[in-house]
Protein chains: 4
Amino acid sequence: MHEDGPVTTARTARPGRARSEAARLAILDATRDELAERGYDKLSLDRIAAAAGVGKATIYRWYPAKAALVAEGMLTGHLLPHLEVADTGDVRRDVLDWLRASFSTFASPAAGGLIRASIAATAEDAAVAEHYEERVTSVTRAALLARLESGRRARQIRDGAPLEALVESLIGTVLLHVVTRRDPGDAALGATVELLFDGVAARPA
Amino acid sequence: MHEDGPVTTARTARPGRARSEAARLAILDATRDELAERGYDKLSLDRIAAAAGVGKATIYRWYPAKAALVAEGMLTGHLLPHLEVADTGDVRRDVLDWLRASFSTFASPAAGGLIRASIAATAEDAAVAEHYEERVTSVTRAALLARLESGRRARQIRDGAPLEALVESLIGTVLLHVVTRRDPGDAALGATVELLFDGVAARPA
Amino acid sequence: MHEDGPVTTARTARPGRARSEAARLAILDATRDELAERGYDKLSLDRIAAAAGVGKATIYRWYPAKAALVAEGMLTGHLLPHLEVADTGDVRRDVLDWLRASFSTFASPAAGGLIRASIAATAEDAAVAEHYEERVTSVTRAALLARLESGRRARQIRDGAPLEALVESLIGTVLLHVVTRRDPGDAALGATVELLFDGVAARPA
Amino acid sequence: MHEDGPVTTARTARPGRARSEAARLAILDATRDELAERGYDKLSLDRIAAAAGVGKATIYRWYPAKAALVAEGMLTGHLLPHLEVADTGDVRRDVLDWLRASFSTFASPAAGGLIRASIAATAEDAAVAEHYEERVTSVTRAALLARLESGRRARQIRDGAPLEALVESLIGTVLLHVVTRRDPGDAALGATVELLFDGVAARPA
DNA sequence: CAGTAACCGAGACGGTACGTCGAGTCTTACA
DNA sequence: TGTAAGACTCGACGTACCGTCTCGGTTACTG
């Protein structure tokens with residue numbers, strides 16, 4: 001009656017020197033700095049390696065290509081900050097605050113450069129796009145959707161409202177302004193919230 | 001590449017050649033093909049020059065850098081198709097049709113690759129972003145806005161409605177799906193139109 | 001692209017910028033310095049390119065590989081000095097002087113390093129060996145042979161003497177000492193000349 | 001004899017696992033194969049380690065550097081075959097046979113590649129050159145010299161003949177042909193022997 | 001006979017150099 | 001004199017090795 005044999009060693013104990021998590025994190029940090037400073041297509045793996053104090057081969061040992069490195073950085077939160085959606089009880093106000101926070105975050109050169117680099121990487125590479133969707137956008141999407149559903153339960157949002165479409169419009173609006181580098185005034189953000197909650201259709205009297 | 005007609009008059013003119021517009025158009029065509037096939041950051045001016053039958057110096061005579069070439073290509077319509085906004089009298093339907101046409105256009109690999117390359121170029125380079133906004137987005141923006149104002153005059157849209165915000169949401173929604181390569185079903189497009197016209201707010205009975 | 005141009009452009013007048021002879025010479029000079037300092041297998045094309053003020057691609061435009069670069073340097077005399085064989089009327093003395101000059105030349109670190117690097121390149125690569133034989137060894141061989149034949153005409157060397165074998169022995173002796181870095185004394189050089197002229201066989205009384 | 005405790009470790013046996021002679025021999029065999037196949041400067045310790053079924057650190061535990069490995073391989077006879085000098089009573093014939101055997105051995109691709117790799121290593125590295133001289137060349141030198149002195153005792157070689165110079169010429173001639181990859185005919189070997197025994201000087205009648 | 005110290009295969013590490021390719025500039029021959 | 005062709009410098013790419021440093025694990029001497 002032997003218990004579990006060497007089965008547990010099957011996965012964790014490879015031969016050879018263990019891979020250095022410290023090196024991996026140094027690479028991601030250096031990548032974030034380079035991306036913020038120079039953008040995606042000016043990214044140089046030579047510079048990243050030098051800045052991280054790492055051999056170039058180590059980068060390729062972890063990530064097969066430049067795009068994968070950027071993708072990994074995004075999904076581990078090393079590159080992009082996470083924005084919470086508050087719940088004050090007033091769903092319109094919480095959505096507006098999220099919009100304001102998003103725009104003020106991405107208005108800074110560093111965060112703006114990072115997000116634009118991520119968008120460029122996403123636009124260039126389908127695999128990166130998938131990572132981005134799964135690990136970044138979907139988190140934001142879910143957070144917004146949860147807040148909206150909470151608002152519906154609070155009877156601030158009507159039953160049957162197209163909440164998914166609302167989320168897409170919110171994120172899309174932010175994305176559009178980030179890409180075109182336009183800064184909407186606070187009034188425009190208010191107008192967006194008005195639009196999404198009240199619509200534009202003429203009301204039958 | 002074609003021959004200019006009145007070649008025989010060359011004696012009276014200055015020595016040298018006067019054929020330039022054909023080369024310029026060949027460059028733009030080759031750029032469009034390369035962008036659609038390989039994307040922005042894999043764009044090679046050597047390949048473009050070879051494909052256009054043109055010397056590299058000729059490209060630099062017109063465009064100071066790679067980003068400027070892409071920007072110029074976009075604003076002359078060589079890269080991106082222009083989508084009309086119809087006016088059937090029913091503004092909801094016309095907006096929905098524009099959404100459908102946009103998605104079906106960008107779902108094709110060629111047009112999708114082009115628009116994603118443009119987005120990457122835009123995200124990389126502020127000057128390209130400005131060009132893009134001035135010559136491409138603003139055209140679409142104006143066309144949509146004109147249709148919406150026409151709808152307001154027809155009493156299908158209420159006075160004081162945030163039409164600019166609506167336009168941003170529409171374009172942003174399209175942009176988001178293009179970048180993430182997700183294909184919304186037709187039902188989702190209908191939900192987006194419903195959202196933008198009717199809002200989500202609970203109505204006072 | 002049409003082909004009704006003058007046929008006379010066939011070989012000498014290619015289109016495009018002419019290849020820079022100055023760059024080629026700078027490459028060879030830098031190669032010589034690197035070889036003398038570090039030897040053949042520590043030779044770095046990056047360093048050569050930097051020292052010559054030349055792009056690495058330019059080196060590869062001229063020479064397909066490291067070995068070919070070294071071979072070309074040798075055959076153009078950029079790497080190895082040429083040693084003359086004097087003709088004072090006394091063939092033994094002239095041969096001895098050539099031996100002395102050869103050893104004193106190759107005893108210096110710079111010339112010794114160069115010749116050893118050339119030997120390493122020759123030993124590594126058959127194509128280099130062929131170049132070396134055709135352009136370097138054969139010149140020395142011919143010069144020595146000419147002097148020996150002149151000595152035979154002066155009745156200092158017997159008819160039917162194996163002059164080619166003598167040349168091989170002379171060059172081989174020099175090569176052996178260069179490779180093993182041993183410095184024969186002057187007496188040993190004299191003994192070599194005595195050997196080659198008088199032989200070792202016992203004489204019938 | 002009481003104060004210093006661990007002095008007794010001066011015995012041959014150290015604590016810990018003994019070094020594996022089998023691993024050392026596998027390394028030398030793999031080195032020989034790699035050298036014959038690819039030459040000295042393409043030698044890869046990674047490949048040697050893999051071929052020998054040995055960790056790279058084991059190689060460095062035995063040999064401090066690539067050059068030392070090659071040197072050690074040469075002096076243990078793992079890399080180069082040893083050529084005997086026969087003694088049939090006829091010294092001219094024995095020398096000629098040694099020359100023939102040397103050339104026929106080094107004419108084979110494997111032995112030729114090995115000897116050329118050794119020459120390259122020797123030319124590159126002074127320490128290797130010293131090893132080579134001490135353990136390889138000097139053995140051949142001594143064997144040839146012994147045979148020549150035996151010939152002198154048999155009155156086939158005159159007293160006072162420069163035997164060391166003869167040995168240098170013989171080895172140098174072989175070396176020269178190995179490096180330049182030229183194959184002398186049998187007649188040329190005969191001419192070399194004639195040269196070394198009879199000289200080239202005109203004889204006073 | 002249990003400890004333990006040096007060994008072992010394996011392979012990741014920081015580096016250096018490779019040979020290729022692309023950007024943007026400059027030069028030559030031709031039209 | 002403008003254009004194609006293409007060589008130029010510069011610099012990044014992704015790969016291969018070097019020589020070193022861990023890993024987990026294996027002998028074989030020692031206490």
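Nothing here was measured: the structure is a model prediction, and the numbers come from that model. Chain letters run A, B, ... following the sequence lines, proteins first and then strands; every chain starts at 1.
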Taking only residues two or more places apart in sequence, or in another chain, which ones meet A:R17 in a salt bridge (Lys or Arg N to Asp or Glu O under 4.0 Å)? none
Name the residue closer to the 5' end of DNA chain E, choosing between D:A52 and A:V54 according to the nucleotide with the nearest heavy atom. D:A52
If you assign A:R19 and C:G16 each to the DNA chain E nucleotide with the nearest heavy atom, which residue ends up on the more 5' nucleotide?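 Nearest-nucleotide comparison on DNA chain E picks A:R19.
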Take the protein atom [atom1] of [X] and the nucleotide atom [atom2] of [N], then report the distance between them rounded to whole Å.
{"X": "C:R17", "N": "E:dT28", "atom1": "CZ", "atom2": "C1'", "answer": "9 Å"}
{"X": "A:I48", "N": "E:dG15", "atom1": "CD1", "atom2": "P", "answer": "16 Å"}
{"X": "A:L69", "N": "F:dG14", "atom1": "CG", "atom2": "P", "answer": "11 Å"}
{"X": "D:E34", "N": "F:dC17", "atom1": "CD", "atom2": "C1'", "answer": "12 Å"}
{"X": "C:D41", "N": "F:dG19", "atom1": "CG", "atom2": "P", "answer": "10 Å"}
{"X": "D:R61", "N": "E:dA5", "atom1": "CZ", "atom2": "C1'", "answer": "13 Å"}
{"X": "D:I59", "N": "E:dG9", "atom1": "CD1", "atom2": "P", "answer": "9 Å"}

Would you please name every residue forming a side-chain contact (heavy atoms from CB on, under 4.5 Å) with D:A129, sequence neighbours left out?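 With neighbours one apart ignored, the set is C:R181, D:T122.
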Could you list the residues that satisfy side-chain contact (heavy atoms from CB on, under 4.5 Å) with D:A49, not counting sequence neighbours?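 Listed in chain order: D:K56, D:I59.
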Using a 4.0 Å heavy-atom cut-off, write out nucleotides 18-23 of chain E from 5' to 3' as B (base contacted by protein), S (sugar-phosphate only) or - (no contact). BBBBSB
Minimum heavy-atom distance B:A120-B:Y40, with the two atoms named: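 Closest approach of B:A120 to B:Y40: CB-CB, 4.1 Å.
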At 4.0 Å (heavy atoms only), tell me whether B:T58 reaches a base, stays on the sugar-phosphate, or touches nothing. sugar-phosphate
Does anything in residues 34-45 of chain C pair up under salt bridge (Lys or Arg N to Asp or Glu O under 4.0 Å), and if so which pairs, sequence neighbours excluded? C:E34-C:R38, C:E34-C:R47
According to salt bridge (Lys or Arg N to Asp or Glu O under 4.0 Å), does anything in residues 119-130 of chain A pair up with another residue at least two apart or in another chain? List the pairs.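 The answer is none; no pair qualifies.
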Could you list the donor-acceptor pairs under 3.5 angstrom formed by side chains in residues 60-70 of chain A, with sequence neighbours left out?
unit_1 : atom_1 : unit_2 : atom_2 : d
A:R61  : NH1    : A:T58  : OG1    : 3.3
A:Y63  : OH     : A:R24  : NH1    : 3.4
A:K66  : NZ     : A:L43  : O      : 3.3

Measure the spacing between CD1 of C:I115 and CD1 of C:I119 and express it to the nearest 0.5 Å.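 If I round to the nearest 0.5 Å, the distance is 4.5 Å.
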Once rounded to the nearest 0.5 Å, what's the spacing between atom OG1 of B:T31 and atom CD1 of B:I48? 3.5 Å
Considering only heavy atoms, which members of residues 120-129 of chain D lie under 4.0 Å from some atom of DNA chain E?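 None - not one residue of the stretch has a heavy atom sitting under 4.0 Å from the strand.
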Under 4.0 angstrom between A:R14 side-chain N/O and E:dA10 OP1 or OP2: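 Answer is no, no contact under 4.0 Å.
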Any A:W62 side-chain N or O less than 4.0 Å from OP1/OP2 of E:dC13: yes
